[in-house]
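Each remark here refers to the structure printed beneath this line.
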There are 2 protein chains.
Amino acid sequence: MQIGELAKRTGCESETIRYYEREGLLPAPARSSSGYRRYEQPHLEQLAFILHCRSLGMPLADIRLLAGFHQQPAAEPCDRVNALIDQQISRVHSQIEALQKLEIQLQQLRARCDSPHTLADCGILKTLDGAAAGEACACHDES
Amino acid sequence: MQIGELAKRTGCESETIRYYEREGLLPAPARSSSGYRRYEQPHLEQLAFILHCRSLGMPLADIRLLAGFHQQPAAEPCDRVNALIDQQISRVHSQIEALQKLEIQLQQLRARCDSPHTLADCGILKTLDGAAAGEACACHDES
DNA sequence: CTTGACCTTATAGTAGCTACAGGGTTTGCA
DNA sequence: TGCAAACCCTGTAGCTACTATAAGGTCAAG
């Protein structure tokens with residue numbers, strides 16, 4: 001199949017497929033006489049593997065590693081696979097925590113201007129300006 | 001003060017300060033005879049304003065807008081300020097939701113290999129491979 | 001024989017920095 | 001006076017994971 005069909009079947013844009021090839025995540029396929037890429041079933045599965053990992057938020061470098069385990073002797077221990085997943089879980093987890101703190105801070109800031117005002121009276125702008133001048137601010141200091 | 005001192009006082013690297021100047025977030029300061037940037041107190045406050053907003057995860061484009069409100073007549077309504085903060089809150093909120101789903105999916109995947117195995121037996125790799133071949137997977141399908 | 005849908009490569013853009021390279025300046029010390 | 005360390009300058013390239021062009025070649029239908 002051509003790149004467009006692979007794209008349609010996987011829901012991944014042609015340009016992204018070419019990008020994955022350049023990045024060494026997908027093997028370069030055979031070419032037709034006119035230079036068009038010709039994909040087979042294994043390419044589709046490899047791409048699906050990549051997309052599945054991406055949907056789990058894994059970085060391309062980790063996916064490269066994960067894919068690489070297929071080339072290794074099957075009797076090897078799989079602890080590095082587990083470590084990659086654990087790493088990803090902890091990355092995601094700490095992002096969640098950081099964003100939750102952020103949301104609270106933003107809501108505290110937002111509460112400073114709950115009814116419509118003018119720029120001069122806006123509690124949000126005042127808070128931000130005050131913080132810039134070194135004062136305590138609703139969003140960061142009154143935890 | 002020179003850029004290095006501004007950097008030290010704000011905890012922002014000199015290169016980032018120059019970057020903000022290039023991006024039009026900080027006004028270009030006066031220069032010494034040898035071309036060194038000379039900052040005054042207002043620059044420090046402006047930079048602190050930017051850093052404070054950044055610490056709330058606001059994109060530079062929004063910070064530019066927020067800073068721009070200082071140049072506007074003080075009697076203008078501040079609803080666009082509020083809208084920017086609301087937007088940021090909803091961005092952060094939907095990121096949190098997406099990451100929480102991700103974490104659950106990752107943990108379901110991780111549970112497929114809770115004790116050490118070989119690559120051949122690794123429930124994680126098997127799940128990922130199966131998903132690539134079109135099977136249902138622990139992480140996405142058994143919600 | 002032309003139109004439209006496909007494909008090719010190469011390059012630049014996105015966000016928000018960070019990290020050089022390759023220079024100039026200033027300060028202090030011997 | 002000479003020199004080294006610690007500053008500063010500009011300009012450019014790198015990071016992630018794409019996305020979006022430009023400028024062109026190919027192929028099938030009508």
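Below, chain A is the first sequence line, B the second, and so on; all start at residue 1. Everything numeric here is computed off the predicted structure, so don't read it as measured data.
In this structure a side-chain-to-backbone donor-acceptor pair under 3.5 Å is present from B:Arg64 to B:Glu23. At least one donor-acceptor pair closer than 3.5 Å links the side chain of A:Gln46 to the backbone N or O of A:Leu25.
The phosphate of C:dG16 has neither OP1 nor OP2 within less than 4.0 Å of any side-chain N or O from B:Arg64. Side-chain nitrogen and oxygen atoms of B:Tyr19 include none within less than 4.0 Å of the OP1 or OP2 phosphate oxygen of C:dA15. The shortest distance between the side-chain N/O atoms of B:Ser34 and the OP1/OP2 oxygens of D:dC9 is not below 4.0 Å. Contact between the side-chain N/O atoms of B:Arg54 and the OP1/OP2 oxygens of C:dC17 is found at a separation under 4.0 Å.
When distances are taken from the side chain of A:Arg31 to each of D:dC18, C:dC17, C:dT8, the shortest belongs to C:dT8. Among the nucleotides D:dA17, C:dT18, C:dC7, the one closest to the side chain of B:Glu15 is C:dT18. In this structure, the nucleotide among C:dG16, D:dC9, C:dT9 sitting nearest to the side chain of B:Arg37 is D:dC9. Of the candidate nucleotides D:dC18, D:dA17, C:dC7, D:dA17 has the atom lying nearest to any side-chain atom of A:Pro59. Of the candidates C:dT18, C:dG16, D:dC18, C:dT18 carries the atom nearest the B:Thr16 side chain, counting heavy atoms from C-beta on.
The interatomic distance linking B:Ile17 (CD1) with D:dT10 (C1') rounds to 16 Å, in whole Å. When the C1' atom of D:dC18 is taken as reference, atom CG of A:Leu26 falls 14 Å away, rounded to whole Å. Atom CD in B:Glu5 sits about 11 Å away from atom P in D:dC7, given to the nearest Å. B:Met1 places its CE atom 19 Å from the C1' atom of C:dT26, with the value rounded to the nearest Å. As a whole-Å value, the separation of B:Arg22 CZ from C:dG16 C1' is 11 Å. For the pair A:Met58 CE and D:dT16 C1', the interatomic distance rounds to 15 Å; values are reported in whole Å. Distance, A:Glu21 CD to C:dT9 P: 8 Å, rounded to whole Å. Atom CZ of A:Arg18 and atom P of C:dT11 are 15 Å apart (whole Å).
The residue among B:Tyr36 and B:Ala61 whose nearest nucleotide of DNA chain C is located toward the 5' end is B:Ala61. Between A:Ser14 and B:Ser33, the one whose closest nucleotide on DNA chain C sits nearer the 5' end is A:Ser14.
Using a 4.5 Å cut-off on side-chain heavy atoms (C-beta onward), A:Phe49 and A:His70 make contact. The shortest side-chain heavy-atom distance between B:Arg38 and B:Gln2 falls under the 4.5 Å cut-off. With contacts defined as side-chain heavy-atom distances shorter than 4.5 Å, the pair A:Cys113/B:Val81 does not qualify.
Cluster annotation: A:Tyr36 and A:Leu44 are assigned to distinct hydrophobic clusters (Ile/Leu/Val/Met/Phe/Trp/Tyr, side-chain heavy-atom contacts under 4.5 Å, transitive).
Within a 6.0 Å radius of CD in B:Glu21, more than 12 heavy atoms belonging to other residues, nucleotides or ligands are found.
Using a 4.0 Å heavy-atom distance criterion, B:Gln2 is classed as a sugar-phosphate-only contact.
Across its full length, the helix from C:dC1-D:dG30 to C:dA30-D:dT1 shows an angle of 30° between the axes of its 5 terminal pairs at either end, rounded to 10 degrees.
Screening residues 80-93 of chain A for side-chain hydrogen bond (donor to acceptor under 3.5 Å, both in side chains), with sequence neighbours left out, gives A:Asp62-A:Arg91, A:Asp86-B:Arg110, A:Gln88-A:Arg91, A:His93-A:Glu97, A:His93-B:Glu103.
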